[in-house]
Each structure stands twice: as C-alpha cells, then as structure tokens.
Protein chains: 2
Amino acid sequence: MLKNSEFVSKLRNSGLRPTKQRLKICEVLFNRDKTFHFTINDLAKNISKNFNEKISLATIYNTVHAFKDKGYLKEITISSDKSYFDTNITKHHHFYDEDTNLLIDCNDNEIGKVNIKNNITGKKISSVEVLVRVASDNQNQN
Amino acid sequence: MLKNSEFVSKLRNSGLRPTKQRLKICEVLFNRDKTFHFTINDLAKNISKNFNEKISLATIYNTVHAFKDKGYLKEITISSDKSYFDTNITKHHHFYDEDTNLLIDCNDNEIGKVNIKNNITGKKISSVEVLVRVASDNQNQN
DNA sequence: CATTTAGTTTAGAACTATTATAAATTAGTT
DNA sequence: AACTAATTTATAATAGTTCTAAACTAAATG
Ligand SMILES: [Mn+2]
Ligand SMILES: [Mn+2]
Ligand SMILES: [Zn+2]
Ligand SMILES: [Zn+2]
C-alpha cells in the first residue's frame with residue numbers, strides 16, 4: 001500500500017505532473033496487493049464508483065497511455081475489440097478465462113520458459129508472451 | 001493449388017452455398033502455397049485488385065467469419081485495433097514484426113513445446129499461443 | 001507574491017473497425 | 001416455373017479510441 005506522497009514523487013520523477021486526477025488513478029491502480037488487469041471501461045467504472053468527483057474519459061485514456069509509456073503499465077492484447085492493461089509489468093504469461101473474460105497471471109512455476117530456437121534475422125525480440133485460453137468443459141475447442 | 005470445383009464441394013460440405021463471392025474469396029485465401037496472414041482490409045484490397053467485380057465489405061466480413069466458424073481460418077489477436085486471420089489452421093505460434101506489421105509462422109523447430117504445469121481448476125485449455133514480437137535493433141524494448 | 005508558461009483536463013467531435021438492418025438478389029428445391 | 005431460404009449489398013448503427021481546442025492548473029520566473 002503506497003501512500004499519496006510516493007505517487008507524487010513517482011509521477012514527478014517521470015516528468016508527469018501529479019494532478020489530482022492522476023493521483024486518484026494511481027490509487028485505484030497501484031494501491032492494491034494483487035495485480036490488476038483491466039480495460040479502460042473497467043477502470044472508468046471503478047473510478048466513478050469510488051470517488052465523488054468524476055474524471056473525464058479522455059483523461060483516463062491519456063493517463064493510462066502515459067503510464068504505459070512510462071512503463072508503469074503493460075498492455076495485453078487478447079481481443080481485438082478492447083485493450084487490456086496490466087499493473088504487473090514484469091515478464092509473465094496469462095491465462096484468459098473465456099467464460100468470465102478475466103486475465104490471470106501465470107507464475108513461472110506454471111509455464112516453463114519458452115524456448116525460442118531461431119529468431120528472424122536482423123531483428124531483436126522485444127517480447128515473448130504466452131496466452132492460454134481456458135473455458136469450462138462445455139465450451140467449443142480451438 | 002486447388003481448383004474451383006474443390007472449393008465448391010468444400011463449401012457445400014460445410015453447409016455454405018458456393019456463391020461466386022465465396023468462391024472468389026476462396027481463391028484469394030486458399031489458392032496459394034504459403035500461409036496467408038491478413039486483416040479484413042488486406043483481403044478487401046487484394047480482392048479489388050484481382051477482380052473486376054467488387055465484393056461488398058459486408059460480404060467479406062460475413063465470409064471471413066463464416067470460414068472462421070467452419071474452421072477454415074483462425075483468428076489471431078495481436079493488436080486491439082484490428083483483427084488478423086490466418087489460413088494456417090494448425091496449432092502454431094507467431095513472430096510479429098513490429099516494423100512491417102507482418103505475422104510470420106513459427107515452425108515447431110523454432111519454438112519448443114510450451115510446458116503448462118498447472119491449469120486453472122475446472123477449466124479446459126482451449127488454446128495456447130505464443131507471440132514473439134520482434135523489431136529492428138533500434139526500436140524500443142518491452 | 002503576481003505573472004507567465006507549459007502541461008493537463010475536459011466535453012464533445014471525429015475516426016475506424018466492426019456489426020446490424022432490411023431490401024434486393026440468388027441458389028437450391030419442389 | 002414457382003417457391004423458399006440463404007446470401008449479398010448499401011447503408012446505418014455501434015463501440016472503442018483518438019483528436020481538438022478551449023478552459024484550467026501546476027510549476028517556473030521575476
Ligand atoms: Mn494504445
Ligand atoms: Mn470476430
Ligand atoms: Zn498480468
Ligand atoms: Zn500463422
């Protein structure tokens with residue numbers, strides 16, 4: 001549980017002014033003990049539930065992208081109709097529950113290291129991500 | 001290189017009428033020796049380039065989704081702003097070239113088997129996909 | 001402080017990919 | 001040939017996201 005002043009320095013250190021909107025968003029995103037996987041819509045709903053003052057949707061988009069650019073959030077692509085973000089910025093993989101639309105972090109003990117034997121010539125690997133889609137037994141297979 | 005009559009039976013066998021639009025789309029998609037990774041927009045451009053008669057965008061969407069539902073195409077999610085499809089319907093992984101926005105199939109000899117040690121209780125794995133993003137050396141890291 | 005400057009927020013418009021609608025057309029059937 | 005159900009099509013609608021430009025605010029300056 002970080003406190004407000006820590007968010008202020010975190011923001012200042014990355015060249016972002018610690019506005020009250022950004023601090024509220026920090027609270028929602030980073031004042032939790034578990035990883036938070038969210039869509040912009042999830043975040044917007046969470047904010048309007050937990051605070052009296054509302055933050056404009058444009059600001060939520062701006063802030064999430066700023067935090068992503070500064071490396072405080074990762075973007076996870078699972079579906080082409082909305083973007084997911086992740087407060088866990090370490091390299092890790094995901095289970096995606098197709099029934100609940102929830103992302104779950106994989107620990108290293110759940111998915112072994114991915115062995116990439118050959119890379120494209122002249123290119124550098126910028127990320128390696130495994131997505132394991134899961135569903136109840138009575139679901140369609142892939 | 002399949003011939004027209006083969007597409008006709010393929011479509012008939014799956015309960016789809018072999019209309020001239022679907023047959024043209026089959027030609028574009030399946031009359032090639034390499035895997036085709038495409039967005040709807042890629043496909044639409046390809047069609048309008050190769051044929052005199054135009055196929056409505058709605059039909060292209062309908063057909064691609066019908067083909068996906070019948071298992072003739074796979075949908076690959078790499079970006080939240082457009083959907084990619086794949087004529088290679090076998091289980092395989094991808095490199096994604098962030099410079100060119102092109103998908104490249106991984107052979108089994110390029111990425112070793114992904115070892116999933118623990119699955120979510122009560123759920124069945126419906127797919128396991130690895131996406132390796134690559135870029136030129138002078139690109140930002142993840 | 002008071003003033004200036006640059007960064008930020010905001011509502012709403014614009015944009016883009018995709019899906020829905022409903023009328024016209026076509027394929028397959030009787 | 002007539003009928004029925006599937007398909008195509010243009011177009012409208014939708015949803016997520018980005019853009020715009022004016023209002024506001026934090027920080028810097030004197
Ligand atoms: Mn983005
Ligand atoms: Mn789809
Ligand atoms: Zn995660
Ligand atoms: Zn592929």
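Note on naming: letters A, B, ... go to the chains in the order of the sequence lines (proteins, then strands), and numbering restarts at 1 for each one.
- Rounding to the nearest 0.5 angstrom, the gap separating the NE2 atom in B/His93 from the CD atom in B/Glu129 is 8.0 Å.
- Under 4.0 angstrom from either OP1 or OP2 of D/dT18 there lies at least one side-chain N or O belonging to A/His65.
- If you take CD1 on B/Ile78 and CG on B/Leu131, they are separated by 6.5 Å, rounding to the nearest 0.5 Å.
- Between A/Asn62 atom CG and D/dA23 atom P the separation is 19 Å, expressed in whole Å.
- Mapping B/Arg12 and A/Thr63 onto DNA chain C via the closest heavy atom, the residue that lands nearer the 5' end is A/Thr63.
- Note on B/Thr59: a side-chain N or O is less than 4.0 Å away from OP1 or OP2 of D/dT9.
- Comparing C/dG28, D/dT8, C/dT9 by their closest approach to the side chain of A/Arg22 singles out C/dT9.
- Annotation: of the two residues near DNA chain C, B/Lys20 and B/Asp81, the 5′-most nearest-nucleotide partner is B/Asp81.
- Proximity of A/Ser80 to the phosphate of C/dA17: no side-chain N or O atom is located under 4.0 Å from OP1 or OP2.
- DNA chain D lies under 4.0 Å from at least one heavy atom of each of the following residues of residues 42-55 of chain B: B/Lys54, B/Ile55.
- Residue A/Ala58 places its side chain closer to C/dG12 than to any other of C/dA17, D/dT11, C/dG12.
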Only pairs under 3.5 Å count here: list side-chain donor-acceptor contacts from residues 54-62 of chain A, not counting sequence neighbours, and write none if there are none.
| residue | atom | partner | partner atom | Å |
| --- | --- | --- | --- | --- |
| A/Ser56 | OG | A/Ala58 | N | 3.1 |
| A/Ser56 | OG | A/Thr59 | N | 3.4 |
| A/Asn62 | ND2 | A/Ala58 | O | 3.3 |

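- Taking the side-chain contact (heavy atoms from CB on, under 4.5 Å) definition, one finds that A/Ile104 meets it with A/Phe95, B/Ile120, sequence neighbours left out.
- A cation-pi contact, defined as under 6.0 Å to the ring centre and within 45° of the axis, links B/Lys10 to B/Phe30.
- Here C/dA27 is the nucleotide among C/dA27, C/dA6, D/dT17 with the atom lying nearest to any side-chain atom of B/Arg17.
- Distances shorter than 4.0 Å separate none of the side-chain N or O atoms of B/Tyr61 from OP1 or OP2 on C/dT19.
- Taking only side-chain nitrogens and oxygens, B/Gln21 comes nearer than 4.0 Å to OP1 or OP2 of D/dT9.
- Counting non-hydrogen atoms of other residues, nucleotides and ligands closer than 6.0 Å to CG of A/Asn101 gives a total above 12.
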